[in-house]
Q: 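Sharing a structure with you now.
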Amino acid sequence: MKRPIVLHPDPRLKTRCAPVDDLSVDLRRLADDMLETMYDAPGIGLAAPQVGVTTRLIVLDCVKPDEAPPRPLIMFNPQIVAASDEKNTYEEGCLSIPEHFADVTRPAEVEIAWIDRDGNPKSEVFGGLWATCVQHEIDHLDGKLFIDYLTPLKRQLITRKMQKLKRERTRV
Ligand code: GNR
Ligand code: NI
């Protein structure tokens with residue numbers, strides 16, 4: 001089932017999310033709902049706080065539609081184990097900050113450890129868009145948004161526009 005996406009500014013997007021200790025049926029359902037919500041948006045990643053749940057869970061699939069079979073990944077308690085010195089700059093967006101985009105520089109390669117949907121520990125090295133996306137999602141779990149990498153002025157401009165968008169959306 002699709003879930004509504006929380007829009008910036010919102011205290012749930014600024015919260016440090018709590019680790020998962022037991023994989024319940026509810027948590028697995030949440031992960032499946034997040035993938036459905038992400039594909040529907042469409043987006044390449046989604047973090048639990050974006051659907052209002054402040055738990056350390058992210059989902060992602062950075063395969064371009066029609067280029068290869070989809071690769072939905074569900075990660076509980078994802079952690080950056082190692083990061084390359086080499087950096088990469090991508091124009092980032094966020095489903096919680098629609099219609100705003102900006103360049104963000106991050107490590108080009110990261111090794112991530114996580115717990116999968118069945119409760120098994122996994123680890124893998126990601127590069128390219130996958131590396132950017134997984135770091136963007138883990139930031140969400142620490143209450144951090146891509147606009148936090150911008151100058152205060154740019155961030156304030158985007159936040160004010162989002163406040164206006166939210167006001168307009170609640171008035172109808
Ligand atoms: O759909 C998304 N696209 C994207 C593009 C560049 C860098 C990061 C992302 S993640 C974003 C979905 C989202 O908001 N995830 O939290
Ligand atoms: Ni995001």
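Quick note: residue numbers are just sequence positions, from 1. As the structure lists them, so they are numbered: ligands from 1, and atoms in each ligand from 1. It should be emphasised that the depicted structure is a prediction, and the values quoted were computed from it without experimental measurement.
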Q: If you measure from CG on Leu165 to CD1 on Ile97, what distance do you get to the nearest 0.5 Å?
A: 11.5 Å
Q: Only heavy atoms of Cys94, strictly under 4.0 Å: list the atoms of ligand 1 that pass.
A: 14 (O)
Q: Where is the nearest protein heavy atom to atom 14 (O) of ligand 1: which residue, which atom, and how far?
A: Leu95 N, 2.8 Å
Q: To which protein heavy atom is atom 8 (C) of ligand 1 closest, and what is the distance rounded to 0.1 Å?
A: His136 ND1, 3.6 Å
Q: To the nearest 0.5 angstrom, please state how far the CG atom of Asp33 sits from the CZ atom of Arg28.
A: 14.0 Å
Q: If you round to the nearest 0.5 Å, how far is CD1 of Ile5 from CG of Leu13?
A: 10.5 Å
Q: Decide if atom CD of Gln79 counts as having more than 12 heavy atoms of other residues, nucleotides or ligands within a radius under 6.0 Å.
A: no
Q: Can a side-chain donor-acceptor contact be found between Asp103 and Tyr90 if the only test is distance below 3.5 angstrom?
A: no
Q: Any nitrogen or oxygen of Glu92, side chain or backbone, less than 3.5 Å from one on ligand 1?
A: no
Q: Do Gly45 and ligand 1 have an N or O pair less than 3.5 Å apart?
A: yes
Q: Is it true that the side chains of Thr105 and Thr89 contain a donor and an acceptor less than 3.5 Å apart?
A: yes
Q: Could you pull out all residues at least two apart from Lys87 that satisfy salt bridge (Lys or Arg N to Asp or Glu O under 4.0 Å)?
A: none
Q: Do any nitrogen or oxygen atoms of Glu91 lie less than 3.5 angstrom from nitrogen or oxygen atoms of ligand 1?
A: no
Q: Taking Ser84 for the side chain and Pro107 for the main chain, is one N or O donor matched with an acceptor at less than 3.5 Å?
A: no
Q: Does Cys133 reach ligand 1 with a nitrogen or oxygen that is under 3.5 Å from one of the ligand's nitrogen or oxygen atoms?
A: no
Q: Just how far is it from atom CD of Glu92 to atom SG of Cys133, taken to the nearest 0.5 Å?
A: 8.5 Å
Q: Let me confirm one number: the OG1-CG distance from Thr15 to Leu141, rounded to the nearest 0.5 Å.
A: 11.0 Å
Q: Looking only at distances, please establish whether an N/O atom of ligand 1 is found under 3.5 Å from an N/O atom of Ser96.
A: no
Q: Establish, yes or no, whether the cationic atom of Lys144 lies under 6.0 Å from the six-membered ring centre of Tyr149 and within 45° of the ring axis.
A: yes
Q: Looking at ligand 1, does any of its N/O atoms fall within less than 3.5 Å of an N/O of Ala47?
A: no
Q: So, at under 2.8 Å, which protein N, O or S atoms would a careful student list around the Ni ion (ligand 2)?
A: Cys94 SG, His136 NE2, His140 NE2
Q: Flag this pair as yes if the NZ/CZ of Arg71 is under 6.0 angstrom from the six-membered ring centre of Trp130 and inside a 45 degree cone about the axis; otherwise no.
A: yes
Q: Using a strict cut-off of 4.0 Å, indicate which atoms of ligand 1 neighbour a heavy atom of Gly93.
A: 4 (C), 5 (C), 6 (C), 8 (C), 9 (C), 10 (S), 11 (C)
Q: For Gly43, take its heavy atoms, then give the atoms of ligand 1 lying under 4.0 Å from any of them.
A: 1 (O)
Q: Taking 4.0 angstrom as the limit and counting only heavy atoms of His140, give me the atoms of ligand 1 inside it, by number and element.
A: 16 (O)
Q: So if I apply the side chain to side chain contact (heavy atoms under 4.5 Å, CB included) rule between Leu46 and each of Asp61, Leu35, Val51, Ile58, which one comes out positive?
A: Val51
Q: Quick one: look up the protein heavy atom nearest atom 3 (N) of ligand 1 and list residue, atom name and how far away it is.
A: Ile44 CG1, 3.4 Å
Q: May I ask you to check whether Glu137 has an N/O atom sitting below 3.5 Å from an N/O atom of ligand 1?
A: yes
